[in-house]
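Just below is one structure, and these are the notes that go with it.
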Amino acid sequence: MIRYNFKEIENKWQLFWNKNKSFKSKLDKKKNKFYCLEMFPYPSGKIHMGHVRNYTIGDVLSRYKILTGFNVLHPMGWDAFGMPAENAARENKLDPKDWTNKNIYTMKTQLKKLGLSIDWDREISTCSEDYYKHQQLFFLELFEKGLVYRKENYVNWDPVDETVLANEQVIEGRGWRSGALVERKKLNQWFFNISKFSQELLDGLETLKSWPNKVKTMQKNWIGKSFGCEIDFIIEGKLPIKKIKCFTTRPDTLFGFSFLALSVDHEISKFYEDNKDFKLFKNECSKTGTTEEAIAVGEKIGFKTDLIAINPLNPTQKVPVYFANFVLMDYGFGAVFGCPAHDQRDFEFAKKYKLKIKTVVRPHDEEETFEVNEEAYPGAGVLINSDFLNGLEAPEKSVIETINILEKKKLGKKQINYRLKDWGVSRQRYWGCPIPIAYDENGKTVPIPRSMLPVKLPENINLGVKGNPLDSQNDWKKIIINGKKVTRETDTLDTFVCSSWYYLRFCSPKEKQYGYTKEEIDYWMPVDQYIGGVEHAILHLLYSRFFMKALGYKNNEFNVDEPFKSLFTQGMVCHETYKDNNNNWLSPEEVDSNDGKKYFKKNKPDEKIIVGPSESMSKSKKNTIDPEEMINNYGADAVRLFILSDSPPAKDVQWSEQGMISSYKFINKLWNMHNLIMEKLKDNEENKNFSEDINKYTNQLVDKINFNLEKFNYNVIIANLYQTYNFLNEKLKYKIDAKNLKKNYIKILTIMSPVIPHFTSECLEILGENQFQNWPKVNNKYLENEIVNIVIQINGKKRGVINVNKDINESNLIKEIKKDDKLNKFFDVNKISKTFFVKNRLMNILIK
RNA sequence: GCCCUCGUGGUGAAAUUGGUAGACACAAAGGACUUAAAAUCCUUGCCCUUUUGGGAGUGCCAGUUCGAGUCUGGCCGAGGGCACCA
């Protein structure tokens, strides 16, 4: 028998698909489309196992949809701008472009080795001018629509590298690369007005039926809608301040008012700028603000002003006004009314400064004399000590009633607030999409005219300088627009902007005039299935949803509101971690074991290894497995099979070398079985043995696979394939009808093909069949068995199984039970008090 | 602190959605073939019984039901998200 030569066979089919453009997609209005998209990779150098898992899941789905007759769009591209290229280039004195393109080449070659059904003619790269010129045009459009603006904002500033850092690049208050203490600095930044769409983005979530609830909840929390009211507090004091506006969700607790707290950035702070103590206080606040932990355990501190605030519902009550560290300027109005009895934060503040704590909500199960003393009570109850509000149900009724009263008295008005902040898109970096803006001598904004697009990145620049390299490019910066000398914006766009519309570009990757054509968008969008990691649950997915709404804003260009109809988030690929006695991480190749229990350093049995928990593969922990090596050793089909086999795609999967080997062996077993089948098919004799069995098995298998494909139970599909092998292998021991076997075998190869396409293409070719077969239809006739196993329970306990013809009725079943000696042992037919009969499945007999 | 998700053999996991718990695979132990190894194949897997059998059993405690891994309530544990959001 010929050994299965996976190298040769996989290479052969990959060349075939490439040469014949087997996965090229064309707009065809007569056919139903299916747009399958996986999150595109950052070209960091080589693909990792996470990519293998992500793209295998998408590939199985795409190939399945192709065979069921859909016009499938399955593209791939590169999220090619970003910091790593700039850093790598700086370290190795390279051009970021060269570094990136080299990586793209390597990774593309690797992806091709996986045998993915990608339409490579649609490949895009966000760092190419063909891509980012359209993005610059979008920027100008959004600017004209008023969805882009510039304002001063605080950023994380690395004083050593002279650059802005993203929040995740600040580790324990220090820059991740320089290690310098990060400062809060005010800078002029460009913003996308995403908060304008807060309500729409929230409403849109309701329409996304096929998104994981987890992701929807995360976005919902991120948008953070809250219902309440704004209240004007009358202020008394020496300053020229008459009133302060606050936002609150609990106006009903106004009678528990005890202080008013302001953010240190509140406009009133300008009156205190010369106050030494206030300066010290402000400084203290900025110190505690940096790390998350400091915030969590942070003490509430305040600075008492000489102002007095008046309770709008009880003008005789006057309370002090403080600046406080826990009040944020960019939420609400930067001012909070303090009700210590019913807000924990206010409670802690009141305790510290010995302010009055007045209980105004009594929980339903408490006495009339209930008083808050150990901690605030934010829950439901009845209003007390609140004059004309007494007796109202809190919070639902009381909040609405209080807002009505405030509105009537013109003291406040109903308001809805969102936590979602506008998206700052400026980055002081070279390797990104240039912002198509310039400034004149007076600093006035001048958009770059469309005729001057694209704004190309200058080449051959010196990356060795501190700060943004574009800033020192004078010949690039200084230009003339309409005869006027202007200076270019040197910031580039956040790379999340690039990934916010790439799904549109895949529909029209070659279009020159605009980022896409309407005709193609109308046909292909929305993405029917989007697949990627849950780490993008908020930012990337929210930005993409925003971008679609922003592009369609005012001209209602799109037929669809949401870019991604269904979302699937796959789990991570994990591996055990290893450390030696000196606490150094070791890679799996450096570790060996004789019995699978005790581990030691390879070739050094005396040096013991500490085996750590299985964690997500990462270079820093050295617990990575190189996909290319696995493909070289075991073949792409085996790797695809294994990455799907052990765990449901939504959960983390443990990489196991043993599991990998067993997948490899399985392909070889299938090959041996294939050769056995080829032998059997030479036998033209018509032996009807087992034909019905095989027909039935195949139909039931197809039915199961369909079900499991739709639900992403890919691990169960692999189990179904193993069962199929076990079934067929058993049947092949006997004589078998050749014609019928072939018919069923083709079906079986077809349903295997999304997972192991190289293998099935080869087998189908040997059989003289096309590798792309129509997906088999299920014949309902074969779904039910003539003989069924009925479980017999006595008083709810399983006592036996009876094999009978299907659809047997209850009385006939009881007759059968009477004949069964084993069952009769357990009960006396005359003592049956009640039976529960589930047709073709179960009978529960209750005995007196 | 708040929100979400999940607890099934030594391990990864199945369970037609309320009806035979542990499919399929990994690891382990025993065996067959072989001079031997590799490869391949078979058997076993908690407790009682020599076998036939029987019992317990899906984190823990209650409940609903003829029947609960699945539904309800409470508790315990693990993982993830958010961060003073008024």
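Residue numbering restarts at 1 for every chain, and letters A, B, ... go by the order of the sequence lines.
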With no hydrogens and no angle check, do the side chains of A/Ser226 and A/Asn417 hold a donor and an acceptor under 3.5 Å apart?
no
Roughly how many Å apart are B/rG81 and B/rU20, using the C1' atom of each and rounding to a whole number?
40 Å
What distance, rounded to whole Å, do you find between the two P atoms, one in B/rG57 and one in B/rG9?
14 Å
Side chains of A/Thr835 and A/Glu810: do they bring a donor and an acceptor to under 3.5 Å?
yes
Over all strands shown, is A/Asn795 touching base, sugar-phosphate only, or nothing at heavy-atom distances under 4.0 angstrom?
nothing
Expressed in whole Å, how much space separates the P atoms belonging to B/rA21 and B/rA68?
11 Å
Same-atom distance (P) from B/rG79 to B/rC42, integer angstrom
40 Å
OP1 or OP2 of B/rG81 under 4.0 Å from side-chain N/O of A/Lys214:
no
Which value, in whole Å, describes the distance between the C1' atoms of nucleotides B/rU43 and B/rC33?
15 Å
P spacing across the pair B/rA13 / B/rU8, given as an integer number of angstrom:
9 Å
Nearest listed nucleotide, side chain of A/Arg799, among B/rC84, B/rG81, B/rG55:
B/rG55
Does the side-chain ring of A/Tyr331 lie flat on the base of B/rC85, meaning centres under 5.5 Å and planes less than 30 degrees apart?
no
Could a donor-acceptor pair under 3.5 angstrom be found where the side chain of A/Lys300 meets the base of B/rC84?
yes
Answer yes when A/Glu786 and A/Lys696 have at least one side-chain N-carboxylate O distance shorter than 4.0 Å, and no when they do not.
yes
Watson-Crick/G-U partner (both atom distances under 3.5 Å) of B/rA62
B/rU72
May I ask you to evaluate whether A/Arg345 reaches the phosphate of B/rC85, defined as a side-chain N or O under 4.0 Å from OP1 or OP2?
yes
How about A/Asp252 and A/Ser398: does a side-chain donor come under 3.5 Å of a side-chain acceptor?
yes
Does A/Lys839 place a side-chain N or O at less than 4.0 Å from the phosphate oxygens OP1/OP2 of B/rG19?
no
